[in-house]
Amino acid sequence: MAAMLDIRQIREDPDRIKDAAVKKKIPCDVDRLCEVDDRRRQIQQELDSLRARSNEAGPQMALYTNPKSQWYQRALADGKTPDDIKQLAEETRRTLAQVKSRIKTLEDESRRVAEEFGRLMLTVPQPPGPNAPVGEDEAENVVLRTEGDIRTFDFEPKDHVELGRMLRIIDIERGVKLAGTRNYILRGDGARLHYAVLRLAQDMMIERAYTPMVVPVLVREEVMCGTGYFPIGRDQAYLCERDAMSLVGTAEVPLTAYRSDEVLAEDELPLKTVALSTCFRREAGAAGKDTYGLYRIHLFDKVEQVIVCRNDEEESIRFHQEILAHAEAVMQAIELPYRVVNVCTGDLGQGQVQKFDIETWMPSRNSYGETHSASRFHEFQARRLNLRYRDTNRKVRFCHTLNNTVIASPRVLIPILELNQNADGSVTVPQVLRKYMGGRERIEPPRA
RNA sequence: GGAGGAGUGGCCGAGUGGUUUAAGGCGACGGUCUUGAAAACCGUUGUGCGGGAAACCGCACCGGGGGUUCGAAUCCCUCCUCCUCCGCCA
């Protein structure tokens with residue numbers, strides 16, 4: 001049973017969570033969580049019984065104060081005077097006031113305890129799946145396969161920054177002038193190439209019967225939290241604090257949260273959606289890393305695919321392969337050499353059960369660089385989002401969620417430009433993209 | 001941005017402080033009757049938490065959160081959402 005965000009299951013096997021926290025290098029105080037939960041239950045039980053008392057005695061007040069009630073009439077017939085009854089009412093009122101005051105004290109504590117409980121629960125990591133390799137960091141990711149041939153040049157190849165400058169299609173200096181470091185401007189055929197890859201990716205997904213969506217990129221706190229980007233990772237998001245909203249780092253967030261707080265019919269599943277969105281990332285903590293060119297930037301566009309499916313391990317594994325295959329199909333269509341890696345536990349996010357990255361060959365880095373990331377989550381996101389469905393036995397269950405990049409640009413322009421460059425400084429447009437560029441075959445340097 | 005109105009179960013909708021259980025209807029499901037169906041009649045009807053081996057029991061939930069009160073769907077504050085009118089706008 002995979003649902004490890006259920007407090008009952010955490011209590012049953014706290015060591016599994018502790019183990020997950022170690023493997024994922026995510027701080028999570030499981031012992032404290034269990035302690036707080038003990039107190040939470042204790043309070044709940046006492047509150048329940050106090051409220052039961054109050055519910056029992058309270059309505060009696062209605063009878064004491066209503067001379068027309070049957071009870072009141074019978075009491076008179078039994079020889080009680082209205083003053084006797086008033087006295088009874090007064091005693092009951094005093095007793096209930098005491099009960100109420102105890103309830104209030106407990107409620108105050110309950111609020112504090114619930115707050116800490118909720119805070120701790122949000123730090124609980126999803127245990128990695130058995131097929132995720134155990135490892136410290138990305139160096140221990142396992143290469144599953146390598147596709148496509150790496151081009152060797154018979155001239156001195158330029159990197160994308162230089163190509164972009166010469167072709168006047170990438171203007172990093174002015175991007176930085178406008179918006180600071182890690183910003184850029186795409187111009188002319190650079191912008192067109194960017195549009196082209198995004199349109200190709202969207203078309204390929206629509207062909208595969210994914211529902212195209214246009215979604216908010218500025219979202220509420222609960223949406224960020226529900227998809228697992230908050231509170232851990234909060235520093236990676238741009239906040240619009242005045243409005244208590246955050247800019248998303250991926251369309252995964254609104255697509256996955258789309259049906260949150262709903263109970264879906266099983267025959268609606270799987271939900272397969274795709275969206276193009278702008279992605280905003282602060283890249284906090286990455287200072288000095290990948291500072292060159294279009295690799296690590298604050299803003300980019302991405303086509304993202306999301307699946308919401310039944311609570312079924314095999315099904316989510318199958319869909320994981322499916323969304324991976326879609327991304328590979330796009331890379332093959334553009335004829336880019338890439339490899340697929342099985343991401344190790346130390347490199348998994350808090351909610352991820354397993355993750356495959358696609359890394360594409362980038363000559364200027366003289367290595368493969370991550371261009372896609374396919375994750376499956378079991379119930380992790382669905383629980384946080386309260387995203388459920390009614391199964392054939394009419395039982396309400398949490399969905400499983402998965403997502404993968406289809407394409408992200410301009411990062412993918414790095415290999416496209418660098419691998420398709422010619423000795424004269426022009427760039428050959430990959431065949432499949434030409435129809436999105438008005439049939440253009442080459443991007444040529446402007447004549448002096 | 002300004003002014004006003006509204007949010008009740010799967011859906012419609014009654015309910016302005018108390019003889020406890022949110023009336024009634026629709027829908028859905030089960031049953032009786034029927035060759036079968038319809039109609040009619042009878043019954044059932046949500047979620048979460050806790051306790052229990054279970055039957056079951058307790059608690060909470062009338063958009064969310066807080067407050068007043070012995071007692072709140074009902075009164076007050078606040079947030080969210082929707083509607084109407086005005087203004088502005090691609």
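Keep in mind that this is a model prediction, so the values were computed, not measured. Labels below follow one simple rule: chain letters A, B, ... track the order of the sequence lines, proteins then strands, and each chain is numbered from 1.
Taking only distance into account, the side chain of A/Asp48 meets the base of B/G58 through a donor-acceptor pair shorter than 3.5 Å.
One can place CG of A/Asp6 at 7 Å from P of B/C49, the figure rounded to the nearest angstrom. Between the P atom of B/G58 and the CZ atom of A/Arg53 lies a distance of 17 Å, rounded to the nearest Å. Here the C1' atom of nucleotide B/C70 and the CE atom of A/Met61 are 5 Å apart, to the nearest Å. The distance from atom CZ of A/Arg41 to atom C1' of B/G58 is 16 Å, rounded to the nearest whole Å. Rounded to an integer number of Å, the gap from NZ of A/Lys104 to P of B/U69 is 7 Å. Residue A/Leu63 contributes atom CG, which lies 9 Å from atom C1' of B/U20 at whole-angstrom precision. For A/Glu56 and B/C59, the CD to C1' distance is 13 Å, given to the nearest whole Å. Rounded to whole angstrom, the span from the CD atom of A/Glu107 across to the P atom of B/G66 amounts to 8 Å.
Of the side-chain N and O atoms in A/Lys100, none sit less than 4.0 angstrom from OP1 or OP2 of B/U69. One finds no side-chain N or O of A/Arg40 lying less than 4.0 angstrom from the OP1 or OP2 phosphate oxygen of B/C49. Applying the 4.0 Å criterion to OP1 and OP2 of B/A60, one finds that A/Asn55 has a side-chain N or O inside that range.
Under the 4.0 Å criterion applied to side-chain N and carboxylate O atoms, A/Arg397 and A/Glu379 are not assigned as salt-bridge partners. Salt-bridge formation is not detected for the pair A/Glu322/A/Arg208: no Lys NZ or Arg NE/NH1/NH2 atom is positioned less than 4.0 Å from an Asp or Glu carboxylate oxygen. Taking the charged nitrogens against the carboxylate oxygens, A/Glu116 and A/Arg32 do have a contact shorter than 4.0 Å, which makes a salt bridge. Ion pairing between A/Arg111 and A/Glu107 fails under the 4.0 Å rule for side-chain N and carboxylate O. Look at A/Asp37 and A/Arg8 and you find no salt bridge, because none of the NZ, NE, NH1 or NH2 atoms lies under 4.0 Å from a carboxylate O.
Spacing between B/G58 and B/G66 at atom C1', rounded to whole Å, works out to 26 Å. B/C75 and B/U16 have their P atoms separated by 9 Å, given to the nearest Å. Across B/A14 and B/G25, the matching C1' atoms stand 11 Å from one another, rounded to whole Å. Across B/U84 and B/C29, the matching C1' atoms stand 41 Å from one another, rounded to whole Å. Atom name C1', nucleotides B/U34 and B/C41: the rounded distance is 14 Å, in whole Å. Comparing the same atom, C1', in B/A73 and in B/A60 gives a spacing of 15 Å after rounding to whole Å. One P atom belongs to B/A6, the other to B/C76, and the distance between them is 11 Å to the nearest Å. Between B/G15 and B/C83, the distance separating the two P atoms is 25 Å to the nearest Å.
The partner of B/C29, taking Watson-Crick or G-U wobble pairs whose two distances both stay under 3.5 Å, is B/G43. The partner of B/A3, taking Watson-Crick or G-U wobble pairs whose two distances both stay under 3.5 Å, is B/U84. The partner of B/A22 is absent, by the rule that a Watson-Crick or G-U pair needs both atom distances under 3.5 Å. The partner of B/G71 is absent, by the rule that a Watson-Crick or G-U pair needs both atom distances under 3.5 Å. Checking B/U16 for Watson-Crick or G-U wobble geometry (two distances, each under 3.5 Å) identifies no partner in any strand. Across all strands shown, nothing is found opposite B/A54 as a Watson-Crick or G-U wobble partner with both distances under 3.5 Å. If you check B/U34 for Watson-Crick or wobble pairing at under 3.5 angstrom, you find it has no partner at all.
Taking every side-chain heavy atom of A/Arg388 into account, B/U47 is the closest of B/C70, B/G71, B/U47. Closest to the side chain of A/Gln44, from the set B/G48, B/G67, B/C59, is B/C59. Comparing B/C49, B/C70, B/U19 by their nearest atom to the side chain of A/Arg8 picks out B/C49. In the set B/C59, B/G67, B/U47, the nucleotide with an atom closest to the side chain of A/Arg111 is B/G67.
Between A/Leu47 and A/Val396, it is A/Val396 whose nearest contact on RNA chain B lies nearer the 5' terminus. The 5' end of RNA chain B is approached more closely, in terms of each residue's nearest nucleotide, by A/Gln45 than by the other of A/Gln45 and A/Asp108.
Between A/Tyr292 and A/His160, the two ring planes are perpendicular [angle over 60°; tilted spans 30° to 60°].
Using a 4.0 Å heavy-atom criterion, one finds that A/Arg220 contacts the sugar-phosphate atoms exclusively.
Proximity of a side-chain donor or acceptor of A/Glu262 to a complementary backbone N or O of A/Arg388 within less than 3.5 Å is not detected. With A/Ser101 contributing its side chain and A/Ala97 its backbone, the two residues share no donor-acceptor pair below 3.5 Å.
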